[in-house]
Amino acid sequence: MKKILCAAALLCALPITAQREATVTLHPEEAKNVISRHIYGQFAEHLGTCIYGGLWVGEESSIPNTNGYRNDVLGALKELSIPNLRWPGGCFADEYHWMDGIGPRENRPRMVNNNWGGTVEDNSFGTHEFLNLCELLGCEPYVSMNVGSGSVEETAKWVEYMTAKDGPMAKLRKENGREEPWKVKYIGVGNESWGCGGNMRPEYYADLYRRYQTYCRDYNGNRLFKIASGASDYDYNWTEVLMRNAAGHMRGLSLHYYTVLTWSGSKGSALNFNEDDYYWCLGKCLGIEPVLKKHMEIMDRYDSRKRVGLMVDEWGTWWDEEPGTVRGHLFQQNTMRDAFVAALSFNVFHKYTDRIQMCNIAQIANVLQSMILTQGDKMVLTPTYYVFKMYKPHQDATFIPMDLECDEMQVKNERYRPGRSDEEPTRTLPMLSATASKNADGAIHISLANVDLKQKQEVTINLADIKGKKVTGEILTSKHIGDHNSFEKPDVVNLAEFKGAKITKDGLKVTLPAMSIVTLTIND
Ligand code: AHR
């Protein structure tokens, strides 16, 4: 029942049926790969109001806080069971000198945040504030080291400061109020070293990576998981050179892929967009799958045992900054469209968890595709937040492969250049996206996204030998694709109970409303 609705070069969304129908066939007998919870990682950069105002207000603030961290934000983040948090950047990381961010706050030097609007950074949020936050959230810290403008010595000492029990750096840490070392597993050695992290060539960076990582030591049983700065999107040569020259010295290689409009000066508005923009955006989001495959093919050639993880440590939507906000602070609103990007991205990541060991959405609060927006003492949860919440059961669950048959449409591929590109003029956008997993208790979770803005879909799910008797569900939907939560109306988009699924003798029958994301739970 696979139908290509329209093969025009430009978007064509004309319906030809009153409703869509789709079939999903689960293959529980092939389930073997675990979806690492680290696929649900977060990223907090010293950028705009992500840290200052978003996570941290300081102990003296009138905004209710615990040791300086906002209580409302802490509560919301705890609900997501976030597995890891990347910090302090991004581009900021390669200008950050960690020693400026320790000791009494009144003595900490100030610096200019050159990457992000020239804002003056007072270093009041530093290593202690970050690692203590990770402890409060129960997540693993992922610390990004300064290779671009830092030194090997500075990097080595930072690792010692955070993780050694004894020695000069441990003594300094203790003087600053922290007796026991923290547990730090993930370190990034540079960020976007091809760009804001030093404009390096891959050959040069590969050598520098080898040198820097040598002096990042494992203290008292701590085992560092070292991640090399990886490629941007389609830069396959970067992956090739890094794998060829440094794979033996790394546990992870990163990749950055944003769902971003690159063919015009503007990236487009987060709020004001039309149906064509929406469908194009989902096509661009799914464009990550062939990109991942190409990077993974290269990695396979050098590392057939899949020892080195592909770490998609920046992903998400990138729109124009909201009018009236500070330039360079990357504050954008977040609609149902962003929620679909999150759901579709997870559905892709889950398929490749034999190689993809971590992903970090950019970013956690007030920057790009955020979970949370804050303004003064107000906080709103975004549609993207709710996708992370409804996908929580997939964390550390076993991925169940599936076949999916559904209607498709063709959307514009902005990378196509007549006569110059190996890209096709259009991308195929399936109208249904899905993923499934089984958790340690035996419960099955199936997430489904009906991307069609106008038509509902009847989905038949062949459960194979899965014998569940009871199905429950949660749905994220709204009236309009541009719907979002604002400080004035914080509850326009929210999760609701879903009752459109029933187990029959012919499988699980689901009626998905137009423009909806659903997670079903099946158990005995
Ligand atoms: O997430 C915003 C920025 O995007 C990061 O600082 C950088 O790594 C990337 O270019």
Side-chain angles (χ1 to χ4, degrees), residues 41-52 54-55 84-96 111-119 121 125 130 142-150 186-200 202 205 209 227-235 238-239 242 252-262 267 270 284-285 288 291 310-322 325-334 338 341-342 345 358-373 382 384:
Q42 297 283 342
F43 173 29
E45 180 166 7
H46 287 240
L47 196 180
T49 52
C50 181
I51 304 280
Y52 300 108
L55 301 173
N84 70 73
L85 183 57
R86 180 172 182 249
W87 173 87
C91 295
F92 179 79
D94 281 287
E95 290 202 53
Y96 181 62
M111 68 179 279
V112 178
N113 191 336
N114 293 306
N115 285 288
W116 306 119
T119 306
E121 158 73 52
F125 189 97
F130 171 66
Y142 172 9
V143 181
S144 203
M145 304 283 167
N146 180 349
V147 172
S149 70
Y186 297 105
I187 59 163
V189 182
N191 168 74
E192 297 196 348
S193 302
W194 39 263
C196 65
N199 282 307
M200 301 178 210
Y205 169 71
Y209 170 82
I227 300 168
S229 169
S232 163
D233 315 278
Y234 315 95
D235 185 356
W238 186 276
T239 299
L242 263 290
L253 178 61
S254 75
L255 173 71
H256 292 178
Y257 183 96
Y258 283 97
T259 296
V260 61
L261 182 65
T262 48
K267 294 183 169 66
K284 168 81 185 192
C285 158
I288 195 173
V291 170
L310 182 59
M311 325 297 266
V312 188
D313 60 15
E314 287 186 29
W315 67 273
T317 57
W318 193 325
W319 308 117
D320 287 341
E321 291 162 327
E322 290 306 319
T325 60
V326 180
R327 265 190 84 122
H329 281 195
L330 310 188
F331 181 92
Q332 68 187 40
Q333 250 296 355
N334 193 297
D338 298 85
V341 169
S345 299
M358 182 190 280
C359 302
N360 303 74
I361 191 165
Q363 298 193 5
I364 195 165
N366 295 335
V367 170
L368 302 179
Q369 191 176 349
S370 301
M371 307 302 106
I372 285 171
L373 301 174
T382 66
T384 299

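As the structure lists them, so they are numbered: ligands from 1, and atoms in each ligand from 1. Numbers for residues simply follow the sequence, beginning at 1. As the structure is a prediction and not an experimental result, all values here were calculated from the model.
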Short N or O contacts of ligand 1 with protein, under 3.5 Å, listed by atom name?
| from | atom 1 | to | atom 2 | distance (Å) |
| --- | --- | --- | --- | --- |
| ligand 1 | 1 (O) | Tyr258 | OH | 2.9 |
| ligand 1 | 1 (O) | Gln363 | NE2 | 3.0 |
| ligand 1 | 4 (O) | Tyr258 | OH | 3.4 |
| ligand 1 | 4 (O) | Glu314 | OE1 | 3.2 |
| ligand 1 | 6 (O) | Glu45 | OE1 | 2.7 |
| ligand 1 | 6 (O) | Glu45 | OE2 | 3.1 |
| ligand 1 | 6 (O) | Cys91 | N | 2.9 |
| ligand 1 | 8 (O) | Asn191 | ND2 | 3.1 |
| ligand 1 | 8 (O) | Glu192 | OE2 | 3.3 |
| ligand 1 | 8 (O) | Glu314 | OE1 | 3.1 |
| ligand 1 | 8 (O) | Glu314 | OE2 | 2.7 |
| ligand 1 | 10 (O) | Glu192 | OE1 | 2.8 |
| ligand 1 | 10 (O) | Glu192 | OE2 | 3.1 |

All ring-ring contact (aromatic ring centres under 6.0 Å, His included) counterparts of Tyr257, not counting sequence neighbours
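Partners of Tyr257 by the ring-ring contact (aromatic ring centres under 6.0 Å, His included) criterion come out as none, since no residue qualifies.
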Mind checking what makes side chain to side chain donor-acceptor pair (under 3.5 Å) contact with Glu314, not counting sequence neighbours?
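In terms of side chain to side chain donor-acceptor pair (under 3.5 Å), with neighbours along the sequence ignored, Glu314 is linked to Arg86, Tyr258.
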Using only heavy-atom distances, determine whether the side chains of Gln369 and Thr259 contain a donor-acceptor pair under 3.5 Å.
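No, no side-chain donor-acceptor pair sits under 3.5 Å.
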Answer yes or no: is there a donor N or O on one side and an acceptor on the other, between the side chain of Ser229 and the main chain of Glu192, under 3.5 Å?
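Present.
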Quick one: does any side-chain atom of Tyr209 pair with a main-chain N or O of Gly190 as donor and acceptor, under 3.5 Å?
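Absent.
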Check side chain to side chain contact (heavy atoms under 4.5 Å, CB included) between Asn366 and all other residues, then give those that pass, not counting sequence neighbours.
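Once residues adjacent in sequence are excluded, the partners of Asn366 under the side chain to side chain contact (heavy atoms under 4.5 Å, CB included) criterion are Thr49, Phe331, Leu373, Thr374.
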